[in-house]
Amino acid sequence: MRIVLVGPPGAGKGTQAAYLAENLSIPHISTGDLFRANISQGTDLGKQARAYMDAGQLVPDEVTIGMAKDRMAQPDAVNGFLLDGFPRNVGQAEALDVMLKDEGVKLDAVLDLEVPEDEVVKRIAGRRICRNDSAHVFHATYNKPKTEGVCDTCGGELYQRDDDSEETVRTRLEVYHTQTEPIIDAGTAAARRPVSPPRNRSPARPSAPPAPGAR
């Protein structure tokens with residue numbers, strides 16, 4: 001199966017993607033992993049991405065597209081994959097359509113994780129991270145520490161990252177609405193299947209995919 005997973009920040013894409021990829025026996029290909037792998041391995045694309053990032057600039061679409069193309073060409077992705085974070089905009093979606101057409105294949109589904117905007121803000125803005133260990137994560141509503149502001153694990157101070165502030169989250173949502181949502185409307189030569197993750201984030205069982213090319 002060839003699947004694209006889209007949804008706003010905080011929708012739980014990583015959790016759902018890992019569950020689906022494991023149960024469908026296909027690789028989970030995330031943009032973050034692509035960047036980390038290419039940069040750590042010192043590939044040409046990784047060096048280009050690092051140069052832009054070090055300069056505080058956005059990495060151009062052609063670099064991200066190149067990384068995705070290389071990854072999808074690897075042996076474990078021959079029979080399918082789950083894309084998470086790619087394509088992120090219409091330009092990347094058009095490039096994906098060309099890649100698939102060149103290979104004579106189509107997407108089986110575009111899974112759209114639908115989460116109310118206020119819930120997204122609540123999920124992200126409520127996160128609290130331990131200053132001693134960023135792996136120690138709590139939440140002001142869903143996973144409260146025993147003592148406010150103190151990590152249960154090591155006693156370190158809990159804080160809210162700048163990226164998790166409500167203002168920043170709403171800015172990220174606006175970027176999602178203007179850049180990523182249009183690829184859902186365009187269909188990217190695939191079916192759109194709305195998915196509403198449970199509020200407790202428990203992964204849902206994957207359902208049968210729609211017919212390739214259906215809208």
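Few gaps surround CG on D102; more than 12 heavy atoms of other groups in view lie less than 6.0 Å from it. No more than 12 heavy atoms of other residues, nucleotides or ligands sit less than 6.0 Å from atom CD of E22. Surrounding CG of N79 are at most 12 heavy atoms belonging to other residues, nucleotides or ligands under 6.0 Å away. Counted within 6.0 Å of CZ on R88, heavy atoms from surrounding residues, nucleotides or ligands total 12 or fewer; the atom is thus considered open. Counting heavy-atom neighbours within 6.0 Å of E62 CD, excluding the residue itself, gives a total above 12. Under a cut-off of 6.0 angstrom, the local environment of CD in E167 is sparse, with at most 12 non-hydrogen atoms contributed by other residues, nucleotides or ligands.
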May I have the step-by-step check of side chain to side chain contact (heavy atoms under 4.5 Å, CB included) for L96 and E94, ending in yes or no?
-> CA-CA 5 Å; L96 175 60; E94 291 173 345; over 6 Å; no

Is there a salt bridge (Lys or Arg N to Asp or Glu O under 4.0 Å) between E119 and R123 once you walk through the steps?
-> CA-CA 6 Å; E119 175 66 18; R123 287 183 182 182; 3.3 Å; yes

Could you walk me through whether I3 and L24 pass the side chain to side chain contact (heavy atoms under 4.5 Å, CB included) test, one step at a time?
-> CA-CA 11 Å; I3 300 171; L24 295 173; 3.7 Å; yes

Begin from the C-alpha positions of Y142 and K122 and carry the test side chain to side chain contact (heavy atoms under 4.5 Å, CB included) through to its verdict.
-> CA-CA 10 Å; Y142 303 122; K122 185 177 181 180; 3.8 Å; yes

Start with the C-alpha gap between F35 and V59, add the side-chain angles, then the distance that decides, and say whether side chain to side chain contact (heavy atoms under 4.5 Å, CB included) holds.
-> CA-CA 10 Å; F35 275 74; V59 178; 3.5 Å; yes

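A continuous path of hydrophobic side-chain contacts links I65 to M53 [ILVMFWY only; heavy atoms under 4.5 Å]. Grouping the Ile, Leu, Val, Met, Phe, Trp and Tyr side chains by contacts below 4.5 angstrom, directly or via other members, places M72 with V110. Linking ILVMFWY side-chain heavy atoms closer than 4.5 Å, directly or via other members, places I39 and Y52 in a single hydrophobic cluster.
Between V4 and P87 the shortest side-chain heavy-atom distance falls below 4.5 Å. Side-chain contact between C130 and C154 is present, with heavy atoms from C-beta onward closer than 4.5 Å.
Minimum interatomic distance between P27 and G80 (heavy atoms only, all atoms of both residues): CD-O, 3.3 Å. Contact detail for P8 and L173: the closest heavy-atom pair is CB-CD2, 3.7 Å. For L113 against L5, the heavy-atom pair with the smallest separation is CG-CD1, 3.9 Å. The two residues I183 and V90 have their closest heavy-atom pair at CG2-N, 3.6 Å. Minimum heavy-atom separation, P182 to H177: CD-O, 3.6 Å. When all heavy atoms are compared, the tightest approach of A17 to L82 is CB-CD2, 3.7 Å.
Atom CG of D84 sits about 6.5 Å away from atom NZ of K13, to the nearest 0.5 Å. Distance check, rounded to the nearest 0.5 Å: NE2 of H139 to CG of D164 gives 9.0 Å. Separating the CD1 atom in I124 from the OG atom in S165 is a distance of 10.0 Å, to the nearest 0.5 Å. Between the CD atom in E117 and the CD atom in E174 there is a gap of 8.0 Å [rounded to 0.5 Å]. Between F86 atom CZ and M67 atom CE the span is 11.5 Å, to the nearest 0.5 Å. The CG atom of D163 lies 9.0 Å from the CZ atom of R127; values are rounded to the nearest 0.5 Å.
In summary, of the residues considered (T180, D61, D97, T31), a side chain to side chain donor-acceptor pair (under 3.5 Å) with Q92 occurs for D61 alone. Residue L34 is tested with I29, L83, L45, D70 for a side chain to side chain contact (heavy atoms under 4.5 Å, CB included); the sole match is I29.
Looking only at distances, a side-chain donor or acceptor of D108 sits under 3.5 Å from a matching main-chain atom of R2. In terms of modelled atom types and a separation under 3.5 Å, the side chain of K146 and the main chain of D152 share no donor-acceptor contact. For the pair T147 (side chain) and V150 (backbone), a donor-acceptor distance under 3.5 Å is absent. In this structure a side-chain-to-backbone donor-acceptor pair under 3.5 Å is present from Q160 to A125.
With respect to the salt-bridge test (charged N to carboxylate O, under 4.0 angstrom), the residues R170 and E166 qualify. Between D76 and R71 there is a salt bridge, since a side-chain N of the basic residue sits under 4.0 Å from a carboxylate O of the acidic one.
Judged as a side chain to side chain contact (heavy atoms under 4.5 Å, CB included), and not counting sequence neighbours, the contacts of Q41 are A37, T43.
I129 belongs to a hydrophobic cluster whose other members, connected by ILVMFWY side-chain contacts under 4.5 Å either directly or through intermediates, are V137, Y159. Taking Ile, Leu, Val, Met, Phe, Trp and Tyr as hydrophobic and joining them when side-chain heavy atoms fall under 4.5 Å apart, one finds V98 isolated, its cluster having no other members.
Residues T171 and T168 bring no donor and acceptor atom of their side chains to less than 3.5 Å of each other.
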